[in-house]
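One structure below.
Computation of the quantities below employed the complete heavy-atom set of this structure, encompassing side-chain atoms and omitting hydrogens, waters and symmetry-equivalent molecules. Just so it is clear, the model here is predicted, and its values are computed rather than measured.
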Amino acid sequence: MLEYITLPNNVLPPVAPYSHAVRAGDFIFVTGQLAEDPVTGKVIIGSIEEQTKQVMENLKLVLDHAGTSFAQVVMARIFVTDFRYYQTVNDLYASYFNKNRLPCRTTVGVIGLAGNGDVEIDLIVYCGD
C-alpha cells in the first residue's frame, strides 16, 4: 500500500507535481529538499551554510509530519553545485544525525538545481520494526 504525504496548510508548497514523501510498506521516500522558505516556497539564495541548514530543517518538517525522524534514515543523496561546498555541507548534515548511526549516502556534483539552489538532499527512511 502506498501513502502519499504532503504537508498541511501549504507548508513547503510544492513548486512542481510531487508529494513531499511517499510511504511504501516499511519505507518512506522523501522528495529532495532545497533551501526553500517553508511559507513562500521560494529558494533562499544565501551562503551554503544557510542553504544547507534550511534544507535539513525542511527535511525535518517532512519527517516530523510523517511521524519519523533522522534516526530512521537509511539512505541520503546529496546534490551540490560545487564540490568546494563539500565539507561545509558535510558538517551541517552530520549535526542532524547520531554519529554512531549515520545512514548510507551518495554525494553528486551537478551543474544546476531547481530554483538555482546550491544543495538538495533526499532521503530514504525505514519505519519497520
Side-chain angles (χ1 to χ4, degrees):
M1 179 171 154
L2 299 177
E3 176 189 356
Y4 297 88
I5 301 167
T6 301
L7 296 177
N9 304 319
N10 211 31
V11 172
L12 285 174
V15 295
Y18 62 80
S19 297
H20 290 108
V22 175
R23 184 184 307 265
D26 288 339
F27 290 92
I28 297 176
F29 298 84
V30 180
T31 295
Q33 293 297 309
L34 295 161
E36 293 177 50
D37 178 296
V39 175
T40 67
K42 294 187 186 211
V43 175
I44 298 164
I45 304 300
S47 70
I48 196 62
E49 293 88 353
E50 293 169 318
Q51 289 187 57
T52 305
K53 182 166 176 39
Q54 189 63 57
V55 166
M56 297 304 290
E57 289 298 313
N58 290 350
L59 289 167
K60 186 176 183 315
L61 283 172
V62 176
L63 293 172
D64 287 347
H65 180 70
T68 190
S69 71
F70 285 110
Q72 297 301 113
V73 173
V74 295
M75 179 69 185
R77 289 184 298 185
I78 300 175
F79 303 89
V80 294
T81 58
D82 188 329
F83 262 92
R84 289 178 287 188
Y85 302 147
Y86 186 79
Q87 193 57 53
T88 301
V89 172
N90 272 340
D91 292 345
L92 281 160
Y93 165 89
S95 72
Y96 283 79
F97 294 94
N98 177 321
K99 68 178 182 172
N100 297 317
R101 292 190 55 147
L102 296 171
C104 298
R105 191 178 106 179
T106 300
T107 304
V108 179
V110 296
I111 292 173
L113 293 166
N116 296 316
D118 292 309
V119 60
E120 181 173 358
I121 302 173
D122 66 15
L123 304 173
I124 300 173
V125 184
Y126 181 68
C127 296
D129 293 332

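- Residue pairs satisfying the ring pair (Phe, Tyr, Trp, His ring centres under 6.0 Å) criterion with at least one member in residues 99-124, sequence neighbours excluded, are absent.
- The hydrophobic cluster of M1 has no other members, since no ILVMFWY side-chain heavy atom comes under 4.5 Å of it.
- Legend: salt bridge (Lys or Arg N to Asp or Glu O under 4.0 Å) pairs involving residues 14-34, not counting sequence neighbours, sorted by first then second residue: E3-R23.
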Pair up each side-chain donor or acceptor in residues 59-66 with any protein partner under 3.5 Å, not counting sequence neighbours, and list the distances.
{"unit_1": "K60", "atom_1": "NZ", "unit_2": "D64", "atom_2": "OD2", "d": "3.1"}

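- Connection of V89 to F79 is not established within any shared hydrophobic cluster, with ILVMFWY side chains joined at heavy-atom distances below 4.5 Å, either directly or through further cluster members.
- Atom NZ of K42 sits about 15.0 Å away from atom CG of L34, to the nearest 0.5 Å.
- Listed by chain and number, the residues in a salt bridge (charged side-chain N to carboxylate O under 4.0 Å, His left out) with E49 amount to none (sequence neighbours excluded).
- The salt bridge (charged side-chain N to carboxylate O under 4.0 Å, His left out) search around D37 returns none, not counting sequence neighbours.
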Side-chain donor-acceptor pairs under 3.5 Å in residues 5-22, sequence neighbours left out?
{"unit_1": "H20", "atom_1": "ND1", "unit_2": "L7", "atom_2": "N", "d": "3.0"}
{"unit_1": "H20", "atom_1": "NE2", "unit_2": "L12", "atom_2": "O", "d": "2.7"}

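- Applying the side chain to side chain donor-acceptor pair (under 3.5 Å) test to Q54 and every residue at least two apart in sequence or in another chain returns N58.
- Within the structure, the salt bridge (Lys or Arg N to Asp or Glu O under 4.0 Å) test picks out the following pairs touching residues 80-91 (sequence neighbours left out): D82-R84.
- Residues I78 and I28 are members of one and the same hydrophobic cluster, defined by side-chain heavy-atom contacts under 4.5 angstrom among Ile, Leu, Val, Met, Phe, Trp and Tyr.
- Residue pairs satisfying the ring pair (Phe, Tyr, Trp, His ring centres under 6.0 Å) criterion with at least one member in residues 85-105, sequence neighbours excluded, are listed as follows: F70-Y96, F70-F97, F83-Y86, Y93-F97.
- Closest approach of A24 and L2 over heavy atoms only: CB-CD2, 3.5 Å.
- Under the 4.5 Å side-chain contact rule for hydrophobic residues, V73 and L102 share a cluster.
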Please list every donor-acceptor pair under 3.5 Å in which a side-chain atom of residues 112-126 meets a protein atom from a residue at least two apart or in another chain.
{"unit_1": "D118", "atom_1": "OD1", "unit_2": "T81", "atom_2": "OG1", "d": "2.8"}
{"unit_1": "D118", "atom_1": "OD2", "unit_2": "Q51", "atom_2": "NE2", "d": "2.9"}
{"unit_1": "D122", "atom_1": "OD1", "unit_2": "R77", "atom_2": "N", "d": "3.4"}
{"unit_1": "D122", "atom_1": "OD1", "unit_2": "R77", "atom_2": "NE", "d": "3.1"}
{"unit_1": "D122", "atom_1": "OD2", "unit_2": "R77", "atom_2": "NE", "d": "3.2"}
{"unit_1": "D122", "atom_1": "OD2", "unit_2": "R77", "atom_2": "NH2", "d": "2.7"}

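- Each salt bridge (Lys or Arg N to Asp or Glu O under 4.0 Å) pair with one or both residues in residues 96-105, not counting sequence neighbours, would appear here, but there are none.
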